[in-house]
Engineer: 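Take a look at the following structure, please.
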Amino acid sequence: MTALLPRDFFTRDALVVAPALLGKLLVREVDGMRLTGRIVEVEAYLGAEDAASHAYRGRTPRNASMFGPPGHAYVYLIYGIHHCLNVVTGPAGQAQAVLIRAIQPIEGLAAMRMMRGRATMRHLTDGPGKLCQALRIDRSHDGHDLCLGQALWLEDAPTPNAPILSSPRIGIRGDELALARAWRYAIAS
DNA sequence: GTCAAGATTAGT
DNA sequence: CTAATCTTGACG
């Protein structure tokens, strides 16, 4: 049994936590079954100073979780279709978060596949929306405490061998500065 | 009440 | 390249 990532891990700047999350295990328990995956791609979002962040224009009911304590989930629905999972980081009130964009399935692959359907199993968990579908994560998990080891949490794992790539974030809008920031991190494959 | 836009994805 | 699909937040 690997170690649950403690609150302290998340109580740091998103730009530190994001690359540190690469290689860690995302664990989802559903019907007593473990669905797990190794995190291979993430993006950091800051608060008031990041024009691409949902928190840029201040707190609203939807992004409230981002303004809450670290180590909790921020889950939102995008385009009326897909859910996206974030981990809140930094001191409470800073509204920083790390978007989990992709995992490499480790346990419960069959159950993940079942959720996604045969036709799309090739692209099982690459992309924030597909990842949430495979792990059955939705807005009921918004605000969920990830440090309890219940339903959804993260576990420590060895730091990856492969180099870490960084690049501008995917699919964002915002000012030039936001678009230029290389706050997407991925494990080279 | 109305309305435009969105941290995506799959299909043409 | 574009449709799908619906919640949210801004405006009034």
Side-chain angles (χ1 to χ4, degrees), chain A residues 10 13-22 24 26 28 35 37 39-68 70-90 94-105 112-144 146 152 154 164-187 189:
Chain A
F10 305 105
D13 195 277
L15 296 175
V16 173
V17 177
L21 276 172
L22 293 174
K24 302 299 188 233
L26 178 63
R28 170 87 170 106
L35 308 179
I39 296 174
V40 296
E41 183 185 351
V42 299
E43 282 176 1
Y45 287 87
L46 305 191
E49 72 254 55
D50 180 5
S53 172
H54 285 175
Y56 184 58
R57 288 176 179 80
R59 179 177 181 143
T60 67
R62 181 171 85 158
N63 64 20
S65 299
M66 278 188 83
F67 289 81
H72 288 243
Y74 166 47
V75 181
Y76 63 90
L77 181 67
I78 188 65
Y79 296 112
I81 304 171
H82 306 284
H83 294 279
C84 294
L85 169 67
N86 293 249
V87 180
V88 177
T89 74
Q94 293 283 342
Q96 302 183 353
V98 176
L99 171 69
I100 312 295
R101 286 195 62 89
I103 61 174
Q104 172 187 62
M112 295 186 203
R113 237 191 246 126
M114 197 168 301
M115 208 52 193
R116 300 243 49 228
R118 212 161 238 282
T120 54
M121 61 185 268
R122 232 166 65 89
H123 304 292
L124 192 57
T125 46
D126 57 330
K130 287 184 277 188
L131 180 158
C132 283
Q133 189 181 0
L135 297 187
R136 294 168 219 194
I137 294 166
D138 56 40
R139 282 181 310 169
S140 71
H141 300 98
D142 185 40
H144 176 77
L146 300 167
L152 182 64
L154 293 112
I164 291 177
L165 312 174
S166 67
S167 76
R169 294 167 291 181
I170 309 283
I172 57 165
R173 330 266 312 170
D175 56 32
E176 263 185 24
L177 184 57
L179 295 173
R181 297 295 201 188
W183 288 347
R184 166 179 173 269
Y185 304 91
I187 298 178
S189 62

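Below, each value reflects all heavy atoms present in this structure, side chains not excepted, and no hydrogens, waters or symmetry copies. None of these values were measured; they are calculated from a predicted model.
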Engineer: Restricting to side-chain contact (heavy atoms from CB on, under 4.5 Å), what partner residues turn up for A:Ser140, sequence neighbours left out?
Structural biologist: A:Asp138

Engineer: Base, sugar-phosphate or nothing for A:Arg169? Non-hydrogen atoms, less than 4.0 Å.
Structural biologist: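 Here A:Arg169 touches no strand at all.
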
Engineer: Between A:Tyr74 (OH) and B:dG6 (P), how many Å, whole number?
Structural biologist: 14 Å

Engineer: Just by modelled atom types, is the A:Val40 backbone N or O under 3.5 Å from a matching donor or acceptor in the A:Gln104 side chain?
Structural biologist: no

Engineer: Rounded at 0.5 Å granularity, tell me how far CG in A:Leu135 sits from CG in A:Leu35.
Structural biologist: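 So the gap between those two atoms works out to 6.0 Å.
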
Engineer: Please give, in whole Å, the distance from B:dA7 C1' to A:Asn86 CG?
Structural biologist: 8 Å

Engineer: May I have all residue pairs that pass side chain to side chain donor-acceptor pair (under 3.5 Å) and include part of residues 164-175 of chain A, sequence neighbours excluded?
Structural biologist: A:Asp50-A:Arg169, A:Ser167-A:Arg184

Engineer: I'd like a table of atom pairs between the protein and nucleotides 10-12 of chain C - only N or O on both sides, under 3.5 Å - with the distance next to each one.
Structural biologist:
none

Engineer: Starting at atom NE2 of A:His54, determine the distance to atom C1' of C:dG9, rounded to an integer number of angstrom.
Structural biologist: 12 Å

Engineer: Figure out the CG/P separation between A:Asn63 and C:dT7, and round it to whole Å.
Structural biologist: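 The answer, rounded to whole Å, is 18 Å.
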
Engineer: Using the 3.5 Å cut-off, write out each protein N or O paired with an N or O of nucleotides 1-5 of chain B and the distance between them.
Structural biologist:
none

Engineer: Which heavy atom of A:Val88 sits nearest a heavy atom of A:Tyr74, and at what distance?
Structural biologist: CG2-CB, 4.2 Å

Engineer: Nearest 0.5 angstrom please: A:Asn63 CG to A:Tyr56 OH, how far?
Structural biologist: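 If we round to the nearest 0.5 Å, A:Asn63:CG and A:Tyr56:OH are 14.5 Å apart.
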
Engineer: What integer distance in Å separates A:Arg59:CZ from C:dT8:P?
Structural biologist: 15 Å

Engineer: Just by distance, do the side chain of A:Arg28 and the backbone of A:Arg136 share a donor-acceptor pair under 3.5 Å?
Structural biologist: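 The answer is yes, because a donor-acceptor pair under 3.5 Å joins these two groups.
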
Engineer: Restricting to side-chain hydrogen bond (donor to acceptor under 3.5 Å, both in side chains), what partner residues turn up for A:Tyr185, sequence neighbours left out?
Structural biologist: none

Engineer: Can you give the dot-bracket line for DNA chain C, using ( ) for pairs inside the strand, [ ] for pairs that cross earlier ones, | for pairs with another strand and . for unpaired bases, where Watson-Crick and G-U count if both distances are under 3.5 Å?
Structural biologist: ||||.||||||.

Engineer: Nearest 0.5 Å please: distance from the CZ atom of A:Phe10 over to the CG atom of A:Leu146.
Structural biologist: 6.0 Å

Engineer: Given B:dA7, B:dT9, C:dT7, identify the nucleotide with an atom nearest to the side chain of A:Lys130.
Structural biologist: B:dT9

Engineer: What are the atom names and distances for every N/O pair under 3.5 Å that joins the protein to nucleotides 3-5 of chain C?
Structural biologist:
unit_1, atom_1, unit_2, atom_2, d
C:dT5, O2, A:Tyr79, O, 2.3

Engineer: I need the A:Leu85 CG to A:Leu131 CG distance, nearest 0.5 Å.
Structural biologist: 7.0 Å

Engineer: Is the distance from OP1 or OP2 of C:dT8 to the nearest side-chain N or O of A:Arg139 less than 4.0 Å?
Structural biologist: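 True: A:Arg139 side-chain N/O within range (under 4.0 Å) of C:dT8 OP1/OP2.
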
Engineer: A:His83: which residues meet the side-chain hydrogen bond (donor to acceptor under 3.5 Å, both in side chains) condition with it, sequence neighbours left out?
Structural biologist: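 Result, side-chain hydrogen bond (donor to acceptor under 3.5 Å, both in side chains) vs A:His83: none returned.
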
Engineer: Can you list the residues that meet the side-chain contact (heavy atoms from CB on, under 4.5 Å) rule with A:His82, with sequence neighbours excluded?
Structural biologist: A:Ile78

Engineer: For A:Arg57, which residues count as a side-chain contact (heavy atoms from CB on, under 4.5 Å) partner, sequence neighbours excluded?
Structural biologist: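 By the side-chain contact (heavy atoms from CB on, under 4.5 Å) rule, A:Arg57 matches no residue at all.
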
Engineer: Hey, is CD on A:Glu49 packed in by over 12 heavy atoms from elsewhere, all under 6.0 Å?
Structural biologist: yes

Engineer: I'd like to know if the side chain of A:His144 and the backbone of A:Leu152 have a donor-acceptor N/O pair within less than 3.5 Å.
Structural biologist: yes

Engineer: For the pair made of OH in A:Tyr76 and P in C:dC6, what is the distance, rounded to whole Å?
Structural biologist: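 It works out to 18 Å between those atoms.
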
Engineer: Examine distances only and state if a side-chain atom of A:Ser53 and a backbone atom of A:Leu46 form a donor-acceptor pair shorter than 3.5 Å.
Structural biologist: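 It does hold such a pair.
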
Engineer: Suppose we screen for side-chain contact (heavy atoms from CB on, under 4.5 Å). Which residues come up paired with A:Ala95, at least two apart in sequence or across chains?
Structural biologist: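 Listed in chain order: A:Ala55, A:Met66, A:Phe67.
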
Engineer: Among residues 39-52 of chain A, which contact DNA chain B at a heavy-atom distance under 4.0 Å?
Structural biologist: A:Tyr45, A:Ala52

Engineer: Once you round it to whole Å, what is the distance between C1' of B:dA10 and CG of A:Asp126?
Structural biologist: 12 Å

Engineer: Starting at atom CH2 of A:Trp183, determine the distance to atom P of B:dA7, rounded to an integer number of angstrom.
Structural biologist: 16 Å

Engineer: Considering only atom P, compute the distance from C:dT5 to B:dT2 and round it to an integer number of Å.
Structural biologist: 23 Å

